[in-house]
**Student:** 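Got a structure here, written out as structure tokens. Questions coming.
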Number of protein chains: 4
Amino acid sequence: MLVVMSKNASAGDIRNVISLIKSEGLTPHDIPGAIRTAIGVTGNTGAIHTERFAVLPGVVQVIRVTSPFKLVSRETKPENTTVKVGNAVFGGEELAIIAGPCAVESKQQIEDVILKLKDAGAKMIRGGVYKPRTSPYSFQGLGLKGLEILAEAREKSGLPFVTEVLDIEKLPEVADYADMLQIGARNMQNFPLLRSVGKTGKPVLLKRGISATLDEFFMAAEYILAEGNYNVVLCERGIRTFAKHTRFTLDISVIPTIKKLSHLPVIADPSHSGGERDKVLPLSLGSIGAGADGLIVEVHPEPDKAMLDGLQSLYPKQFEQLMDKIRTIAPAVERSL
Amino acid sequence: MLVVMSKNASAGDIRNVISLIKSEGLTPHDIPGAIRTAIGVTGNTGAIHTERFAVLPGVVQVIRVTSPFKLVSRETKPENTTVKVGNAVFGGEELAIIAGPCAVESKQQIEDVILKLKDAGAKMIRGGVYKPRTSPYSFQGLGLKGLEILAEAREKSGLPFVTEVLDIEKLPEVADYADMLQIGARNMQNFPLLRSVGKTGKPVLLKRGISATLDEFFMAAEYILAEGNYNVVLCERGIRTFAKHTRFTLDISVIPTIKKLSHLPVIADPSHSGGERDKVLPLSLGSIGAGADGLIVEVHPEPDKAMLDGLQSLYPKQFEQLMDKIRTIAPAVERSL
Amino acid sequence: MLVVMSKNASAGDIRNVISLIKSEGLTPHDIPGAIRTAIGVTGNTGAIHTERFAVLPGVVQVIRVTSPFKLVSRETKPENTTVKVGNAVFGGEELAIIAGPCAVESKQQIEDVILKLKDAGAKMIRGGVYKPRTSPYSFQGLGLKGLEILAEAREKSGLPFVTEVLDIEKLPEVADYADMLQIGARNMQNFPLLRSVGKTGKPVLLKRGISATLDEFFMAAEYILAEGNYNVVLCERGIRTFAKHTRFTLDISVIPTIKKLSHLPVIADPSHSGGERDKVLPLSLGSIGAGADGLIVEVHPEPDKAMLDGLQSLYPKQFEQLMDKIRTIAPAVERSL
Amino acid sequence: MLVVMSKNASAGDIRNVISLIKSEGLTPHDIPGAIRTAIGVTGNTGAIHTERFAVLPGVVQVIRVTSPFKLVSRETKPENTTVKVGNAVFGGEELAIIAGPCAVESKQQIEDVILKLKDAGAKMIRGGVYKPRTSPYSFQGLGLKGLEILAEAREKSGLPFVTEVLDIEKLPEVADYADMLQIGARNMQNFPLLRSVGKTGKPVLLKRGISATLDEFFMAAEYILAEGNYNVVLCERGIRTFAKHTRFTLDISVIPTIKKLSHLPVIADPSHSGGERDKVLPLSLGSIGAGADGLIVEVHPEPDKAMLDGLQSLYPKQFEQLMDKIRTIAPAVERSL
């Protein structure tokens, strides 16, 4: 920690800060400058109460030096974590592509699409059965029946599936069926839920909140890892900005930053961020180019008739084309598909 | 709904849109313009699948006309809703001020402050017992013991209290003790929790998510009202922007907009938005000036020793001064304190 | 400056940083910590090339300690600066209210409104004659003719006026007529223009850019002060955020922060931020409550017929009411009107 | 235009709107709905004064249908515009890469790097000679001397150059030397400057403002096209958001949107957005993946000694590697290098 003093701080102000540092059992390091003084603080094992210093007379700023996340940090674990779900491996050399409809609507719908997805190269399928909806009057998902449909499709296709879990109450049910648990953007800081999915030990797909800083995103993952569950895949799905030409602003710059600071794998969601079908291909290639370990893409057998998000869902044919393009660019990022 | 066609849309494109409108049982209204054509759509009772139109050839934009919220709308209920919690009335002529520490730390701490708050004019107290913390390693609140402390303080002071509820599991316990349930910013779109607090029938303090649009904020309240619980008080607590000189950007412009579009009361939280003690007074007066129905303010008997948010907590003396100032400006907004 | 080393930095990495510090003629201060090392740097008179350090192996972060602004800082000049334009005094005990139409449209328009503004208590008038317009096809202002109209109105009313200057070419003409030069939000970082208005020595109303950080805002003012012109009034006029219910988000938290860090006066523009008439009153009272030294408000004799921004312009009668309200709240912020 | 009435609007309110529409010489189209009425308006050739309608009693919202930009629109000119500067072609099948240092520092510096850039495949060089600096005390560029250095380098290498122009005063000088004029992000809405560079007829590289909406970006280009100059290349260089892990948030979603709505070419600037060297490669590949027509990349012969932006400048060797990667991914987006 560094305590920066005002240019006009008195010697008494500085003594005051130093004595508080000492009274907390820490060591002050005076750094006199031409213009102002700063006082370095060492000796802490955990977080320091920076606020107690910030309110002292003559103090301009208190700067934390240590980053708040531990287990997710690459400093703690230098080598890449790989998360395996069936044949999908996140964080390895091969890209892992998850595909499927926004919501499970019927057995027919899933059957119509799953083998096409598999043939095109998808390693996992997605499908919502408990949907977080802005309006209480909107379709909220098929629930248990949807889980059964997905499980049946898994049996036929061999593809594992990920689905979102909304609350602790339904967690046992969802965990019983799903191969990977998705925490949606709205629940990124639902801490009791994070702890609970951590305890299941199951692979978790953690989506970034639409206005989460990278530190907050890492700390959300930290909640899961702190329960002993390292099977966490991060997912960039767009942030909220002033821009109106896109549903959310896909922040590809977070991808290389995550790879640098953490050992966890990171994928991108081009469908929810772009919000329309025409953007899915460019955002997908952009994400892979930026170093993503995979994608989660919405594909629907008949997007025009989709109950949700039809506008941003690819036709199965378009998904095939997308996979072909990804195969072309993968070598440029030292990956394969 | 309005379907806007491209300047270059063909007559076939337009016929195509019109026939989809008719096939959905709706009525098209052709609006030929000098430059382009738009097609009005009427006859819908609920939301229309705008996406089915957006993907048709020649369509440039689909514009929804009806607002998505119903029960929270002033169009539905023109007169102000007032929410009563003990002697605190939100949405009436008198301003309602809630005050207290960020977190309940001990019986002593609450006893030290509550009568001072009451004497200064606070109508309710606040105090967190289940705290949503960014880090899994931080103090998470006293839980049940904290509720007992607050209940005891209520008995002595006569002041009702509000405290945050984090999940459905703890809801019965919290609802058993608290006079008003707070839904924090991070849980504004925790839909199962919103439904559950709706079902309790208890007064709810709903904080705006840090990146929630007004529509989303209203729809979150709609979840509670849809359960038959109209005792909802909205709370602006700052939004996330690029600005670094404040913890969050207090958006006072949302206050008159809420008053115009909805019948629900709205208060402001100057403490969490400003993030430091010196900003609490200006942001409080700014919020009241903008038309807020009240405030929720952090006050701690000894801010320097606070376990959480001490930096932004007022000293009891400062709270008294704040209340005096509010009394001065109240008449300008046709209010009293 | 503080150079923070990685937990895994080698002794060689640290020696490397230290020797670069020394080679730049500066003094390193080793701050060994339990978890990582940080190196304080002193001895610099101006800014240090932080980038040279950031790229060294083992360096995690380089933190600047000194704030970049000098002349605008309250550390440099502790007492408030007051800027006088006729009878308007910005930064004193009395609030200074500027009012008038968005654009000068005709002699009649100005005559119709100016005495009403004066009677209501306005100390200065505003009116655009060179308008920055998003579209090249929109009305761009009356130019010189508009300046003549304003000058004539000043003669009759005794009220000085402020008007925007868009470029260096027109600066001599505008400076010849106007009592105060406005730099609009779009030009906040038009550095050649800032220097030029600095050189005129005339009072300057500097509007905050819609996405300017406080540091950038201060540095823009620094350009003017660096030319020896301390007659600068800052103006908060709303920032761009994700929020759609308002034209811009009026950031009242910047007001107390400016007052704390700088000696310059600051006013608010409730008209451009709110974007509609109904918001002007609440945002005005909110700004005064937050500590603003004054306001700049759009008033038009016939808002329904205004060529620009009629939607956000007050009727003269409403301006009177606004001034009455401001008189009521002024004592709460130790001001008068 | 569409005028949306309140659910509670009276018949008189509706008549009132209709009669204003007629009095402006326009045609109203009544669209009665189950819940509310909307009134379509046609017959306008230019923009309508929406504000006059927005203030009428009973009106909830006024929605513009026509987009404000004309000449930049793909509706106006369906085929791609290509902009040629020497051998660089923007908007064609081949990607156009501009490279060079942030600022021209010396003849030696440019000579040291230019042939390496050419050999690696750059088609143009960049180098600032008039620099917009946040601080008045920072290095402001070499000015005319810098232009001479760039011109000499062009003669030797055959590579044309682009450099920023900050004001109308220096425009003739800069236009005399440079092959392409850059309008920086801070000047995107410096309308007199936009008109002036439009009049030169020279190719213009127009950078997006850090908080510009797409409409504003297009309208800025419209200013240049309106002067008869269609040689405009748009450049996405990152927007300002809440995110702190990157200097600016590179908004790759704007790239496919621009290609869809406009005929103008668009490139990306991975250096200024990322703000550090390690991000340049991922952001470059991400931008090309998203469909950019080219890049502008900072390369310095000795980044550690750069006067500006050394932290984000590539070493010449890294630029070669970047170009190799781009060659690999180009076929996936149907491009070549």
**Student:** Only pairs of heavy atoms separated by less than 4.5 Å count here; which of D:I288, D:V254, D:L283, D:I255 has the most with chain A?
**Tutor:** D:V254
**Student:** Given heavy-atom pairs under 4.5 angstrom as the criterion, report whether the side chain, backbone, both or neither of D:A212 touches chain A.
**Tutor:** backbone
**Student:** Select, from D:P270, D:G286, D:P256, the one with the greatest count of heavy-atom pairs under 4.5 Å involving chain A.
**Tutor:** D:G286
**Student:** Got a second to check how far D:M188's CE is from D:S211's OG, nearest 0.5 Å?
**Tutor:** 8.0 Å
**Student:** I need the contact set between residues 257-266 of chain D and chain A: heavy-atom distance under 4.5 Å, sorted by residue number.
**Tutor:** D:T257, D:K260
**Student:** Relative to chain D, which of A:G238, A:S284, A:G289 shows the most heavy atom pairs under 4.5 Å?
**Tutor:** A:G289
**Student:** Kindly indicate whether a cation-pi arrangement holds for D:R237 with D:F248, taking the cut-offs as under 6.0 Å to the six-membered ring centre and within 45° of the axis.
**Tutor:** yes
**Student:** If you look at every heavy atom in D:I296 and D:L205, which pair is closest and at what distance?
**Tutor:** CD1-CD2, 3.8 Å
**Student:** Kindly say whether D:V60 contributes a backbone atom to a donor-acceptor pair with the side chain of D:S6 at under 3.5 angstrom?
**Tutor:** no
**Student:** Please output the side-chain donor-acceptor pairs of residues 275-282 of chain A that fall under 3.5 Å, not counting sequence neighbours, one pair per line with the distance.
**Tutor:**
unit_1, atom_1, unit_2, atom_2, d
A:R277, NE, A:S313, O, 2.6
A:R277, NH2, A:G310, O, 2.9
A:K279, NZ, A:H245, O, 2.9

**Student:** Do any of residues 320-337 of chain A have a heavy atom less than 4.5 Å from a heavy atom of chain D, and if so, which, in residue order?
**Tutor:** A:K325, A:T328, A:I329, A:P331, A:A332, A:V333, A:E334
**Student:** Taking NZ, NE, NH1 and NH2 as the nitrogens, is one of them in D:K123 or D:E94 under 4.0 Å from a carboxylate oxygen of the other?
**Tutor:** yes
**Student:** With a 4.0 Å cut-off, would you call A:R208 and A:E216 a salt bridge?
**Tutor:** no
**Student:** Does the plane of the ring in A:Y223 sit parallel, tilted or perpendicular to the ring in A:F191? Use 30° and 60° as the thresholds.
**Tutor:** parallel
**Student:** Tell me which of these, D:T213, D:L250, D:I252, has more heavy-atom pairs under 4.5 Å with chain A than the rest.
**Tutor:** D:I252
**Student:** Please list, chain by chain and in numerical order, all residues satisfying side chain to side chain donor-acceptor pair (under 3.5 Å) with A:T249, sequence neighbours excluded.
**Tutor:** A:T241
**Student:** Before giving the answer on side-chain contact (heavy atoms from CB on, under 4.5 Å), spell out for D:S73 and D:E75 the whole-Å C-alpha distance, their side-chain angles and the decisive distance to 0.1 Å.
**Tutor:** CA-CA 5 Å; D:S73 169; D:E75 287 187 335; 3.3 Å; yes
**Student:** Enter the distance from A:T81:OG1 to A:R74:CZ here, rounded to the nearest 0.5 Å.
**Tutor:** 8.0 Å
**Student:** With D:I267, which of D:L295, D:I98, D:L234 fulfils side chain to side chain contact (heavy atoms under 4.5 Å, CB included)?
**Tutor:** D:I98
